[in-house]
Amino acid sequence: MARLIDSGPGCPTPTPLRAATAAEARGLAYDDEVKAKTDHLYPLVSDFITPMEWPAVAPLVAAINDLKAEKNAVILAHNYMTPDIFRLVGDFRGDSLQLAREAAEVDADIIVQAGVHFMAETSKILAPSKTVLISSLEAGCSLASSITGEDVRLIKEHYPDYPVVTYVNTTADVKAECHITCTSSNAAQVVEAIAKEWNTDTVVLVPDQYLAKNVAAQTDIRIITWPGACEVHALFSADDVDALREAHPGVVILAHPECPPDVLEAADFAGSTAALANYVKDESPAKVVLLTECSMSDNVATENPGVDFVRPCNLCPHMKRITLENILDCLTNMEHEVTIDEPVRVRAKQAIDAMLALPKMENPLAFETGLKPLEIEVFSPS
Ligand code: SF4
């Protein structure tokens, strides 16, 4: 079951003692120059960082923003970053697809991915001439590590007549073996388009079995999947939804489609992180809960001050490997460059390009809620 916090910010952001130690160790101080560069930013994070803590955080922020200007670098900040990173040093913010598109188009020499490793790989796939850095090599993903390119080759041997769609939360090796990628914003659209192109009623969608089951409930296409799951979203349950409704009468419950299908069945609305953020902005519910990673609520709450958030605190340990300190070190030392073998990059790009060639949707697709979960085939190599 998810850990639920009734109100107030989700995660301590960042650990002030850690930031103070980090700033001191790097000879950085909250002096007049740093104050002039950063104090106007403080209101963006005042719900998460107290005035007493700010002098520990501000020198790191100033140093990162100076380095970005000096090196013509940009930071792509995923929705699951803590607000200090998301608001204070992120140049582009959004879900993995939005960030990958920015990576391809941005006029910068260096991209620092404030997200996990597969996202940095996706940036490199789309922007091969740019230097892509990630500040922690430990920022992995349970979905991306659940499947390999070799596994996809096995799947294709087993189902030679069906197209293989991969969720973007996979490595470049996996993307290179698949016919097309999808995101949680367009998964149903991609599945239906590739089925039509292949003239088939069956599509393989890897590696997230919950996303696959949730997509299967939205379409007549038969879906075969892989036994992967997001370790964060898999923790939510229909019991959480019941508990939330009982504790917070009238709360509107929004769920990410990486959650198990019975969660979507019980939720009021479901969609990608972009769809959830849009829902809150457009509908302004009095009280809302986002069943997704912890920091997302903090970041959406900042933009919707009139909405009361109940915050589930399921942290992604991989996303939380990214800190202001290691972003600063990564930019200072130009460390942890992401590279991909060119033949793999080219094939992985073909899978992404196949998705980007589909008609662009105005808004991310919502998942219909209230549907009975379907049992679908899960391919297992053993
Ligand atoms: S939240 Fe889940 S899918 Fe996203 S990076 Fe973490 S483990 Fe992977």
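Start at 1 and go down the list; that is how both ligands and their atoms are numbered. As the structure is a prediction and not an experimental result, all values here were calculated from the model.
Which parts of ligand 1 touch Asn169 is read off a 4.0 Å heavy-atom cut-off, strictly below it: atoms 3 (S). Interface of Glu258 with ligand 1, defined as ligand atoms under 4.0 Å from a residue heavy atom, comprises 3 (S).
Ring geometry for His233 versus Tyr80: interplanar angle of 30 to 60°, hence tilted. Classification of the His158-Phe379 ring pair by plane angle, with boundaries at 30° and 60°, yields tilted.
The closest protein non-hydrogen atom to atom 6 (Fe) of ligand 1 is Cys316 SG, 2.3 Å. Of all protein heavy atoms, the one closest to atom 8 (Fe) of ligand 1 is Cys141 SG, 2.4 Å. Ranking protein heavy atoms by distance to atom 4 (Fe) of ligand 1, first place goes to Tyr80 CE1, 4.1 Å.
Note on Val152 and Ile194: separate hydrophobic clusters, where clusters join Ile, Leu, Val, Met, Phe, Trp and Tyr whose side-chain heavy atoms are under 4.5 Å apart, directly or indirectly.
Salt bridge Glu33/Lys37: present, at least one basic N to carboxylate O contact under 4.0 Å.
The distance from atom 2 (Fe) of ligand 1 to the nearest N/O/S atom of Cys230 is under 2.8 Å.
Annotation: cation-pi pair Lys35/Tyr30 present, NZ/CZ under 6.0 Å from the ring centroid and within 45° of its normal.
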